[in-house]
Colleague: 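One structure, as structure tokens, below. Some questions next.
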Amino acid sequence: MNFRFVRDLSAHLAHSRNGSVVELVPELCPPEMKADLTVNAFKLAKALKSAPMPLAEEIRAFLAGHADVAGVECIKAFVNVRLKPEALFRDSVGDAAALLDGRFPEAKRRRVLVEFSAPNTNKPQHLGHVRNNTIGMATAALLRAAGHDVVPVNLINDRGIHICKSMLAYQRFGNGATPASTGMKGDHFVGDYYVKYDAEFRRQFAELKIARPELADKSSDELFLDVEIGRAAQEMLLKWEQGDAEIRKLWETMNGWVIAGFNDTYARMGVKFDRVYLESQTYMLGKDIIQDGLARGVFTKREDGAVVIDLEAEKLGSKVVLRSDGTSVYITQDIGTTLMKQNELKPDRQIWVVGDEQIFHFKVLFAILQKLGFAWAKDCHHMAYGMVNLPSGKMKSREGTVVDADDLFDEMEKLARAACAERAGSDSVENLDERAKVIGMGALKFMLLKVNPKTTMMFDPNASIQFEGDTGPYVQYAYARIASMLRKAGADALAAPVDWTVLGADEEKALALCLAGYGNALRGAADELDPSRLAGYLLDVARAFSRFYQACPVLVAPTPELRRARLELSARARDILKAGLAALTIGTLESM
RNA sequence: GCGCCCGUAGCUCAGCUGGAUAGAGCGUCUGGCUUCGAACCAGAAGGCCGGGGGUUCGAACCCCUCCGGGCGCGCCA
């Protein structure tokens, strides 16, 4: 988006307004207006603190005399500009390298740490994790495409009472089985023992209530230590913390199984981290900074011995940061790991991709870091995303309604494979496996990424995932069509110089103007931490290309010059589709 | 009780931070494969933007209020 008439208009306005410079971004003109771009003088007037109508007239008068402008008209304070076709194509898609470079200027590039996924090693990942992984990965890729230096990080929650639960159930019911002996994926194998623990706990809990009616109105949390297997889990945690050799060995073995399983899941999704932290190695962090803060009066010691911080001024109440027995709470660890990441990786900015139910927690965390006096605390950001609900409501593991990640991937691939086969008819399909993988995962990721991360979204497993309409495969298909066309055109089809003056059809102009918006879409998505913006933009590009392709013959264009120019336009669309999908971690196929 | 978020077409979602006649996809109906791949394209129907007040040249968007839903407010993580 680098239009000469816009630059000249900016200069003109700056001059006529005594040098006040205003950023001027033209909008696409609505189709029925029969113009190409619109300068919105309402908005501009606000920035320039002047009246809209005279400003619109001034802009109109200036543009009427501009060499690139074929026509200009004011409707209210919208100045609709019709460009001479050669100027339109020259300024929108004429410079291939500039078109494809969506990076921020160097001064705006930062080192950004993105933490996401953060799974517990007691059960396999489900659709909720898939949304987290997808958003996290896409955000990292997006920021990187926009020129930032990105460090994707995972922090695996590999210790704690929930881990001990599956360990305990394995000790009691496992009979020495292993993922290998059962042919199961390690995370699923361990997850089954977590379920077994839960079933046993509930059995004992019910028994206890029958044996002791006076406990009838107590919750399972309250009676946790009164239930035998609950107490046993607690004791195991204690032993783990004391470094008990046998427990540690079991823990290492089982975590190894789970993490191997996770790595398979990540590999299928294309998820990669620069750094993976384990909570077992970081959970003791944070205590020293609490002591330090206590000495500096940031925290106070309550009568009962607990260390607390007063955040009334921030309307966040007060928060315990060390228990009265001196042990850490969750937020203590978070303070510690945040500090560690900051010192180790030296980012300009830290981002956490964590569900929106933890908004309050992060507000408290950031407020504490501010009070501790860390200047970088203001650059900490919780990227809160919404839950994925099913038609039946929330996913509940207890009720068996969770959508398992690996099952979902299998299902996607199966559907994609069937779709490929169906479309191929009697023809055989080359590398069907790869196609099914790229299309299936593309459909799933795109489905998750096209909705705003903040939105609580609905997923209907029975409706399954679509390959038509506003979908990943629709965008991938536009790419594959262009690739196929350029293959047919031959290797040197793009060698000859392009004469943009031969273009001018509505569909050609619409496509070129759409393509010109790539940089803005990418940077906008990066600035707002919103991959859905880019996804929406890519749908626009794919749609604009499909319309163009329907209306304008390319390989069989009437003249060589027209063929050449349309091939070039198509190639630009191809490049943007590929780069854009890559910035969402979605792959493309040369044929599908 | 207090705080945050949400309510837009039958369904799933957009709506660029206050701008033109509120958009897309799915679904429904109609048309287009002897011209580059029909995972496509063209067209139709479908809306008091939860209700009511206000702010202004202008409101789905900002303010107040009510209704309906979600989440949070642990010495849990």
Side-chain angles (χ1 to χ4, degrees), chain A residues 25 27 29-30 32-33 38 40-43 46 51-53 75-78 80 120 157 160-162 221 279 302 304-308 315-317 319-334 355-361 363-364 384 386-387 389 391 393-394 416 419-420 422-423 439 443 447 450-452 454-460 463 466-478 480-482 484-485 488-489 517 520-521 524 528 530 532-533 535-537 539-540 542-543 545-557 563 566 570 591-592:
Chain A
V25 181
E27 302 164 10
C29 189
E32 34 327 328
M33 299 292 172
T38 298
N40 185 341
F42 284 111
K43 255 180 197 162
K46 205 176 287 180
M53 299 310 286
I75 298 178
K76 297 197 261 182
F78 296 103
N80 295 330
N120 293 334
N157 296 74
I161 189 74
H162 51 292
D221 277 358
E279 198 193 291
R302 226 162 44 185
D304 59 6
V307 178
V308 300
K315 296 192 171 137
L316 297 169
K319 177 73 191 167
V320 169
V321 292
L322 275 185
R323 296 194 186 96
S324 45
D325 65 2
T327 57
S328 300
V329 293
Y330 180 52
I331 205 158
T332 321
Q333 288 179 46
D334 261 4
D356 60 10
E357 73 263 319
Q358 295 206 41
I359 288 174
F360 183 75
H361 169 79
K363 277 187 184 166
V364 172
M387 300 292 102
N389 288 333
K394 298 182 67 169
C420 282
E422 182 193 319
R423 276 160 242 261
I439 294 167
M447 178 196 75
K450 79 174 176 184
V451 331
N452 189 305
K454 285 182 285 197
T455 303
T456 302
M457 66 178 289
M458 243 274 290
F459 174 74
D460 185 349
Q466 304 295 314
F467 298 133
E468 291 165 9
D470 278 358
T471 65
Y474 173 78
V475 181
Q476 290 171 322
Y477 182 70
R481 291 289 301 271
I482 303 173
S484 161
M485 177 173 71
K488 282 189 183 150
N520 282 338
E528 299 297 320
D530 181 3
S532 73
R533 277 200 188 202
Y537 168 77
L539 283 171
D540 287 342
R543 229 186 322 267
F545 172 76
S546 296
R547 284 180 182 154
F548 155 77
Y549 200 46
Q550 189 78 22
C552 305
V554 179
L555 294 175
V556 289
R563 174 185 145 106
R566 285 177 174 170
S570 303
S591 38
M592 63 186 274

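Keep in mind that this is a model prediction, so the values were computed, not measured. Below, chain A is the first sequence line, B the second, and so on; all start at residue 1. Quick note: numbers below take in every heavy atom, side chains included, and nothing from hydrogens, waters or symmetry partners.
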Colleague: Partner of B/rC36 by Watson-Crick or G-U wobble geometry, both contacts under 3.5 Å, or none?
Modeller: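 Base-paired to nothing in any strand shown.
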
Colleague: Mind telling me whether B/rU17 is syn or anti, cutoff 90° either side of 0?
Modeller: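 Chi for B/rU17 falls in the syn range.
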
Colleague: Restricting to non-hydrogen atoms, name the atom on A/G386 and the atom on A/D356 that form the minimum distance, rounded to 0.1 Å.
Modeller: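 Here A/G386 and A/D356 meet closest at CA-OD2, 3.5 Å.
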
Colleague: Could you tell me whether A/K394 and A/E357 make a salt bridge, using a distance below 4.0 angstrom between a side-chain N and a carboxylate O?
Modeller: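 Judged by the 4.0 Å cut-off on N to carboxylate O distance, A/K394 and A/E357 do not form a salt bridge.
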
Colleague: In Watson-Crick or G-U wobble terms, both distances under 3.5 Å, what is the partner of B/rA42?
Modeller: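 Because both required distances fall under 3.5 Å, B/rA42 counts as paired with B/rU30.
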
Colleague: Should the ring pair A/F545 and A/Y549 be called parallel, tilted or perpendicular, given that the plane angle runs from 0 to 90° and is split at 30 and 60?
Modeller: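 Plane angle under 30°, so parallel.
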
Colleague: When the C1' atoms of B/rC49 and B/rA22 are considered, how many whole Å apart are they?
Modeller: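 My reading of the C1' atoms in B/rC49 and B/rA22 gives 8 Å.
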
Colleague: Taking OH from A/Y330 and C1' from B/rC76, how many angstroms apart are they, rounded to a whole number?
Modeller: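 Taking OH of A/Y330 and C1' of B/rC76, I get 10 Å after rounding.
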
Colleague: Enumerate all atom pairs, one protein N or O and one N or O from nucleotides 67-69 of chain B, separated by less than 3.5 Å.
Modeller:
none

Colleague: Examine distances only and state if a side-chain atom of A/R566 and a backbone atom of A/A557 form a donor-acceptor pair shorter than 3.5 Å.
Modeller: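 The answer is no, because no donor-acceptor pair under 3.5 Å joins these two groups.
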
Colleague: Where along nucleotides 34-40 of chain B does protein come under 4.0 Å, by heavy atom, of base (B) or sugar-phosphate alone (S), with - for untouched nucleotides?
Modeller: --BBSBS

Colleague: Quick one: look up who B/rC48 pairs with, Watson-Crick or G-U, both distances under 3.5 Å, and put none if it's unpaired.
Modeller: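 Base partner found: none.
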
Colleague: Can you tell me the Watson-Crick or wobble partner of B/rA77, both distances under 3.5 angstrom?
Modeller: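 No nucleotide pairs with B/rA77.
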
Colleague: Answer yes or no: side-chain N or O of A/N80 and base N or O of B/rA20 forming a donor-acceptor pair under 3.5 Å.
Modeller: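 Under the 3.5 Å cut-off, the side chain and the base do form a donor-acceptor pair.
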
Colleague: Using modelled atom types only, decide if a donor and an acceptor are shared between the side chain of A/T38 and the backbone of A/N80 within a distance under 3.5 Å.
Modeller: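 No, the answer is negative, given that no donor and acceptor are paired below the 3.5 Å cut-off.
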
Colleague: For B/rC2 versus B/rC62, give the span between their C1' atoms, rounded off to a whole number of Å.
Modeller: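 Comparing C1' positions in B/rC2 and B/rC62 gives a spacing of 24 Å.
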
Colleague: Do A/F78 and A/F42 pass the ring-ring contact (aromatic ring centres under 6.0 Å, His included) test, and can you show the C-alpha distance, the side-chain angles, and the key distance before you say yes or no?
Modeller: CA-CA 7 Å; A/F78 296 103; A/F42 284 111; 5.4 Å; yes

Colleague: Over how many whole Å does the gap from A/L539 atom CG to B/rG25 atom P extend?
Modeller: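 A/L539 atom CG is separated from B/rG25 atom P by 10 Å.
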
Colleague: Check the distance between B/rC76's C1' and A/E357's CD and give it to me in whole angstrom.
Modeller: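 After rounding, the reported distance stands at 13 Å.
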
Colleague: Is A/K454 touching bases, backbone alone, or none of the nucleic acid, heavy atoms closer than 4.0 Å?
Modeller: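 If one applies the 4.0 Å heavy-atom cut-off, A/K454 turns out to touch nothing in the nucleic acid.
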
Colleague: Verify, without hydrogens or angle tests, whether A/R481 (side chain) and A/Y477 (backbone) share a donor-acceptor contact under 3.5 angstrom.
Modeller: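 Checked: no pair found.
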
Colleague: Can you tell me the distance, in whole Å, between the CG atom of A/D334 and the P atom of B/rA77?
Modeller: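 So the CG-P distance, A/D334 to B/rA77, works out to 11 Å.
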
Colleague: Nearest whole angstrom, please: distance from the C1' of B/rG25 to the OH of A/Y537.
Modeller: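 So the two atoms are 20 Å apart, to the nearest Å.
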
Colleague: From CZ of A/R323 over to P of B/rG74, roughly how many Å is that when rounded to an integer?
Modeller: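 Going from A/R323 (CZ) to B/rG74 (P), I get 14 Å.
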
Colleague: Checking A/T327 side chain against A/R323 main chain: does a donor-acceptor pair fall under 3.5 Å?
Modeller: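 Not a single qualifying donor-acceptor pair exists.
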
Colleague: Over all heavy atoms of both residues, which pair between A/P473 and A/I439 is shortest? Give the atoms and the distance, please.
Modeller: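 Closest approach of A/P473 to A/I439: CG-CG2, 3.9 Å.
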
Colleague: Write down the distance separating the C1' atoms in B/rC66 and B/rU28, rounded off to the nearest Å.
Modeller: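 Those two atoms are separated by 37 Å.
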
Colleague: Take atom P in B/rC6 and the same atom in B/rG25, then report the distance between them in whole Å.
Modeller: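 So the two P atoms sit 26 Å from each other.
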
Colleague: Taking atom P in both B/rG3 and B/rG74, what distance in whole Å separates the two?
Modeller: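 Those two atoms are separated by 15 Å.
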
Colleague: For nucleotides B/rC16 and B/rA24, find the distance between their C1' atoms and express it as a whole number of Å.
Modeller: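 Between the two C1' atoms, the distance is 15 Å.
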
Colleague: Identify, between A/C29 and A/K319, the residue whose nearest nucleotide on RNA chain B lies closer to the 5' end.
Modeller: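 The residue closer to the strand's 5' end, by nearest nucleotide, is A/C29.
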
Colleague: Are the side chain of A/S484 and the backbone N or O of A/A480 linked by a donor-acceptor pair below 3.5 Å?
Modeller: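 Side chain of A/S484 to backbone of A/A480: no pair is present.
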
Colleague: Can you tell me how far CD of A/E279 sits from OH of A/Y330, rounded to the nearest 0.5 angstrom?
Modeller: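 Output value for this atom pair is 8.0 Å.
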
Colleague: Under 3.5 Å, side chain of A/R563 to main-chain N/O of A/L555, donor-acceptor pair present?
Modeller: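 Yes; at least one donor-acceptor contact below 3.5 Å.
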
Colleague: Mind running salt bridge (Lys or Arg N to Asp or Glu O under 4.0 Å) on A/D530 and A/K454 for me, showing each step along the way?
Modeller: CA-CA 9 Å; A/D530 181 3; A/K454 285 182 285 197; over 6 Å; no

Colleague: Walk along nucleotides 10-19 of chain B from 5' to 3' and tag each nucleotide B, S or - by protein heavy-atom contact under 4.0 Å, base first, then sugar-phosphate.
Modeller: --SSS--BSB

Colleague: Round to the nearest Å and state the distance from A/I161 atom CD1 to B/rC76 atom C1'.
Modeller: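 Rounded to the whole Å, the gap is 11 Å.
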
Colleague: Once you apply a heavy-atom cut-off of 4.0 Å, does A/R302 come out as touching a base, just sugar-phosphate, or nothing?
Modeller: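 A/R302: base contact, heavy atoms under 4.0 Å.
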
Colleague: Taking pairing as Watson-Crick or G-U wobble with both contacts under 3.5 Å, can you name the mate of B/rA24, or confirm there isn't one?
Modeller: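 With both distances under 3.5 Å, B/rA24 matches B/rU12.
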
Colleague: Please report the distance separating the P of B/rA60 from the corresponding atom of B/rG7, rounded so that it comes out in whole Å.
Modeller: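 Going atom to atom, P in each nucleotide, I get 14 Å.
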
Colleague: So, A/R302 side chain and A/V308 main chain: donor-acceptor pair closer than 3.5 Å or not?
Modeller: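 No; judged by distance alone, with no hydrogens or angles, the pair does not exist.
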
Colleague: Please report, rounded to the nearest Å, how far the P atom of B/rC76 is from the CD atom of A/Q358.
Modeller: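 Atom-to-atom, A/Q358 to B/rC76, this comes out as 15 Å.
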
Colleague: Quick one: on RNA chain B, does A/N389 or A/K363 contact a more 5' nucleotide (nearest heavy atom)?
Modeller: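 Closer to the 5' end of RNA chain B: A/K363.
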
Colleague: Please report the distance separating the P of B/rA9 from the corresponding atom of B/rG51, rounded so that it comes out in whole Å.
Modeller: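 My reading of the P atoms in B/rA9 and B/rG51 gives 10 Å.
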
